[in-house]
Amino acid sequence: MSVALVACSHGTNDLGGRQAISSILADVRAHRPDLAVHDTYVDVQQPQLAEVLAAVLARTSAVVVPMLLSGGYHVKVDIAEAVTSASAALGPVVAGAQPAVGAGRSAAVAAPPLGPDPRIVAVLRERLAEAGVRDDDWVVLAAAGSSDPGAARDVAQVAAALRSTRTGPVVCGYGSMARPSVREAVDQARSAQTIPGRAVAVASYLLAPGFFYDRVLESGADAVTAPLAPHPALARIVLDRYDAMQG
């Protein structure tokens, strides 16, 4: 049996958010119809990751792909601990190692999150164009936020990549756990504005609608882009993360 792909999302109560994540996995299944793809979550929704991993590892090995955009707490703690715990009775887990397929036991490994990735920057540019944002407008890259410094560096890397494709400024704002908030970043951009008519837009660095996207919509920006999903590039990133963990 081939190595299973366990797609681990944050989880949301928002119906549109659930549909957006489902669209990514539908594209994954369309690309790889013979691949076993399992949905799971770290919060809000069921089934939880530990439950799914226990069932999958009883039959085969697994690569857990975080359906998240940066390497914050959920990746480094929730997902990492679930993988380690589920694999404990089956043998040691080595970070970045190939699942021990065909070695007489199953194993699980966690892939990196979906971002940063240049293809996501391309999707952000598409969303900005769809929202009518001009190349010289201010852009606030709005991320969910994390207390983990590595997650902030991931977001800063995406902001720098987006900035390199535009003439207008690109700054970061966060939904929680980090500063400035998205609203603060929008207000700061307005205060720094020196060119009449230049708008302040928010590029939503969020996979799907939900709690954080609702906060972005309240930021007071002149334009707010749609979340990243649905978009066909996201399924390709998921599959690349899965493939990379198998050497």
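Counting from 1, the numbers follow the sequence of the chain as shown.
Under 3.5 Å, the side chains of D136 and T167 contain no donor-acceptor pair of N or O atoms.
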All N/O donor-acceptor pairs, side-chain side in residues 204-214, below 3.5 Å, sequence neighbours left out:
{"from": "S204", "atom 1": "OG", "to": "T225", "atom 2": "O", "distance (Å)": "2.9"}
{"from": "Y205", "atom 1": "OH", "to": "L69", "atom 2": "O", "distance (Å)": "3.1"}
{"from": "Y213", "atom 1": "OH", "to": "T225", "atom 2": "O", "distance (Å)": "3.1"}

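Test H74, R153, K76 against D148 for side-chain hydrogen bond (donor to acceptor under 3.5 Å, both in side chains) and you get one pass: K76. Of the residues listed (V63, L35, L25, V56), the one engaging L5 in a side chain to side chain contact (heavy atoms under 4.5 Å, CB included) is L35, and it is the only one. Of the residues listed (V202, V170, L124), the one engaging V139 in a side chain to side chain contact (heavy atoms under 4.5 Å, CB included) is V170, and it is the only one. Tested against Q45 for a side chain to side chain contact (heavy atoms under 4.5 Å, CB included), the candidates T12, T40, N13 yield a single pass: T12.
A distance-only check finds no donor-acceptor pair linking the side chain of S176 to the backbone of G145 [under 3.5 Å]. With S23 contributing its side chain and A20 its backbone, the two residues share a donor-acceptor pair below 3.5 Å. Using a distance-only test at 3.5 Å, with no hydrogens or angles considered, no donor-acceptor pair links the side chain of E184 to the main chain of R179. Without hydrogens or angle criteria, S164 side chain to A161 main chain gives a donor-acceptor distance under 3.5 Å. Looking only at distances, a side-chain donor or acceptor of S22 sits under 3.5 Å from a matching main-chain atom of R18.
Using a 4.5 Å cut-off between side-chain heavy atoms of Ile, Leu, Val, Met, Phe, Trp and Tyr, with links allowed through other members, I21 and V37 fall into the same hydrophobic cluster. In the hydrophobic clustering of this structure, I237 groups with L141; members are Ile, Leu, Val, Met, Phe, Trp, Tyr whose side-chain heavy atoms approach within less than 4.5 Å, directly or through other members. One hydrophobic cluster, built from ILVMFWY side chains closer than 4.5 Å, cannot hold both V123 and V216; they sit in different ones. Transitive grouping of hydrophobic side chains (ILVMFWY, heavy atoms separated by less than 4.5 Å) keeps V75 and V44 in distinct clusters. The same ILVMFWY cluster, assembled from side-chain heavy atoms under 4.5 Å apart, contains both L217 and V140.
For the pair R166/R125, a side-chain contact is recorded, criterion being any heavy-atom separation below 4.5 Å from C-beta on. Side-chain contact between L114 and V65 is present, with heavy atoms from C-beta onward closer than 4.5 Å. Using a 4.5 Å heavy-atom cutoff, the side chains of R241 and D117 are in contact. V171 has its side chain within reach of W138: a pair of non-hydrogen atoms, C-beta onward, lies under 4.5 Å apart. Residues Q157 and S70 are not in side-chain contact: their nearest non-hydrogen atoms beyond the backbone lie 4.5 Å or more apart. Here the side chains of T60 and S2 are not in contact, with every heavy-atom distance at 4.5 Å or above. You'll find the side chain of R32 reaches within 4.5 Å of the side chain of Y242, heavy atoms only. Counting heavy atoms from C-beta outward, S181 and Y174 have side chains that stay 4.5 Å or more apart.
Between the CD atom of E126 and the CG atom of L128 there is a distance of 10.5 Å, given to the nearest 0.5 Å. Between M67 atom CE and I24 atom CD1 the span is 4.0 Å, to the nearest 0.5 Å.
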What do the steps show when you test I79 against L49 for side-chain contact (heavy atoms from CB on, under 4.5 Å), and what is the final call? CA-CA 7 Å; I79 292 176; L49 178 56; 4.0 Å; yes
Does the pair D27 and L234 meet the rule for a side-chain contact (heavy atoms from CB on, under 4.5 Å), with working shown? CA-CA 9 Å; D27 287 345; L234 299 173; over 6 Å; no
What verdict does the side-chain contact (heavy atoms from CB on, under 4.5 Å) test give for Q46 and Q48, after you've listed the backbone C-alpha separation in whole Å, the side-chain angles of each residue and the deciding distance to 0.1 Å? CA-CA 5 Å; Q46 298 292 330; Q48 295 283 293; 3.5 Å; yes
Please test S9 against D39 for side-chain contact (heavy atoms from CB on, under 4.5 Å), starting from the C-alpha separation and ending with a verdict. CA-CA 8 Å; S9 307; D39 308 20; over 6 Å; no
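For the residue pair V52 and P47, the shortest heavy atom distance occurs at CG2-CG, 3.5 Å. Taking each heavy atom of H38 and A4 in turn, the nearest pair found is CD2-CB, 3.9 Å. When every heavy atom of P112 is checked against every heavy atom of M245, the shortest pair comes out as CD-SD, 4.0 Å. Between R127 and P230, the shortest heavy-atom distance links the atoms NH2-O, 2.8 Å. Nearest heavy atoms, A201 versus V133: CB-CG2, 3.6 Å. The two atoms that bring V155 and A143 nearest to each other are CG2-CB, 3.7 Å, heavy atoms only.
Between D222 and R190 there is a salt bridge, since a side-chain N of the basic residue sits under 4.0 Å from a carboxylate O of the acidic one.
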